[in-house]
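Residue numbers run from 1 in the order of the sequence given.
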Amino acid sequence: MKERNRIGLVVGLFAAPIIGFNAGWITTTTASVQASETARVDALTGICSSAAGRMATARSTDLVTLKGYDNRAKRDEFVAVIMADIQVPADILDKISTSCSRSLS
């Protein structure tokens, strides 16, 4: 009986971390950092998109004119103006600008 207990212990010690990681019960520091960064980018992208709507209304600009691949340069310029007014950490500025531009396209 002791032999079965040892085998069960060894199999359990080996299998538990694998099951835990695959089921999402255990997270790594990298995963936590990525999730945090994604949340920051998503939140600030929402702020940028809202500001784009307000700026378009103030300038009497139709956001439809910024849609599509051909209007990418205009859209990027528009987002650059918006981003100048939003305090964004430098490490995620490009990601937010890109995400905001995509949300307008």
Side-chain angles (χ1 to χ4, degrees):
M1 196 64 158
K2 287 184 180 183
E3 184 68 27
R4 284 188 178 172
N5 289 342
R6 286 187 196 148
I7 292 172
L9 176 66
V10 170
V11 170
L13 289 173
F14 178 75
I18 294 170
I19 293 168
F21 277 110
N22 288 329
W25 300 334
I26 302 171
T27 60
T28 62
T29 302
T30 303
S32 296
V33 168
Q34 288 175 343
S36 173
E37 182 176 298
T38 300
R40 289 171 49 202
V41 169
D42 290 348
L44 290 168
T45 297
I47 292 170
C48 177
S49 296
S50 295
R54 288 191 305 273
M55 181 180 278
T57 301
R59 290 183 173 187
S60 298
T61 301
D62 187 5
L63 288 177
V64 174
T65 63
L66 299 176
K67 293 195 179 294
Y69 182 80
D70 294 338
N71 295 317
R72 187 182 68 232
K74 265 203 289 193
R75 189 171 51 249
D76 289 344
E77 289 174 11
F78 190 70
V79 169
V81 170
I82 294 165
M83 294 304 293
D85 292 336
I86 302 172
Q87 292 182 340
V88 176
D91 62 324
I92 58 173
L93 178 63
D94 289 339
K95 290 179 181 180
I96 295 167
S97 296
T98 300
S99 185
C100 185
S101 181
R102 284 183 183 154
S103 73
L104 300 176
S105 63

**OP:** With sequence neighbours left out, write down each residue that passes side chain to side chain donor-acceptor pair (under 3.5 Å) with Arg102, or none if nothing qualifies.
**Re:** none
Original post:
Who passes side chain to side chain donor-acceptor pair (under 3.5 Å) against Ser97, sequence neighbours left out?
Top reply: none
**OP:** Start with the C-alpha gap between Val79 and Leu104, add the side-chain angles, then the distance that decides, and say whether side chain to side chain contact (heavy atoms under 4.5 Å, CB included) holds.
**Re:** CA-CA 9 Å; Val79 169; Leu104 300 176; 3.8 Å; yes
Subject >> Minimum-distance pair of heavy atoms, taken over all atoms of Val81 and Met55 >> reply: CG1-CE, 3.5 Å
Original post:
Rounded to the nearest 0.5 Å, how far does CZ of Phe78 lie from OG of Ser101?
Top reply: 11.0 Å
Please tabulate, for side-chain N and O atoms in residues 56-63, each donor-acceptor pair with protein atoms closer than 3.5 Å (sequence neighbours left out).
residue	atom	partner	partner atom	Å
Thr57	OG1	Gly53	O	2.9
Asp62	OD1	Val64	N	3.3

Original post:
What pairs with Asp94 under side chain to side chain donor-acceptor pair (under 3.5 Å), at least two apart in sequence or on another chain?
Top reply: none
Subject >> Inter- and intrachain pairs under salt bridge (Lys or Arg N to Asp or Glu O under 4.0 Å), touching residues 64-73, at least two apart >> reply: none
Show me the donor-acceptor pairs, under 3.5 Å and distance only, between side chains in residues 39-47 and residues at least two apart or in other chains.
residue	atom	partner	partner atom	Å
Thr45	OG1	Val41	O	2.7
Thr45	OG1	Ser99	OG	3.3

Original post:
Out of curiosity, Arg54 CZ to Ile82 CD1, how far, rounded to the nearest 0.5 Å?
Top reply: 9.0 Å
Original post:
For Lys95, which residues count as a side chain to side chain donor-acceptor pair (under 3.5 Å) partner, sequence neighbours excluded?
Top reply: Glu37
**OP:** Give the minimum heavy-atom separation between Gly68 and Arg75, together with the two atoms involved.
**Re:** O-NH1, 3.0 Å
**OP:** Can you run down the disulfide bond (SG atoms under 2.5 Å apart) pairs that involve residues 46-105, sequence neighbours left out, and say none if there aren't any?
**Re:** Cys48-Cys100
**OP:** Rounded to the nearest 0.5 Å, what's the gap from CD1 on Ile86 to CD1 on Ile96? Could you check?
**Re:** 8.0 Å
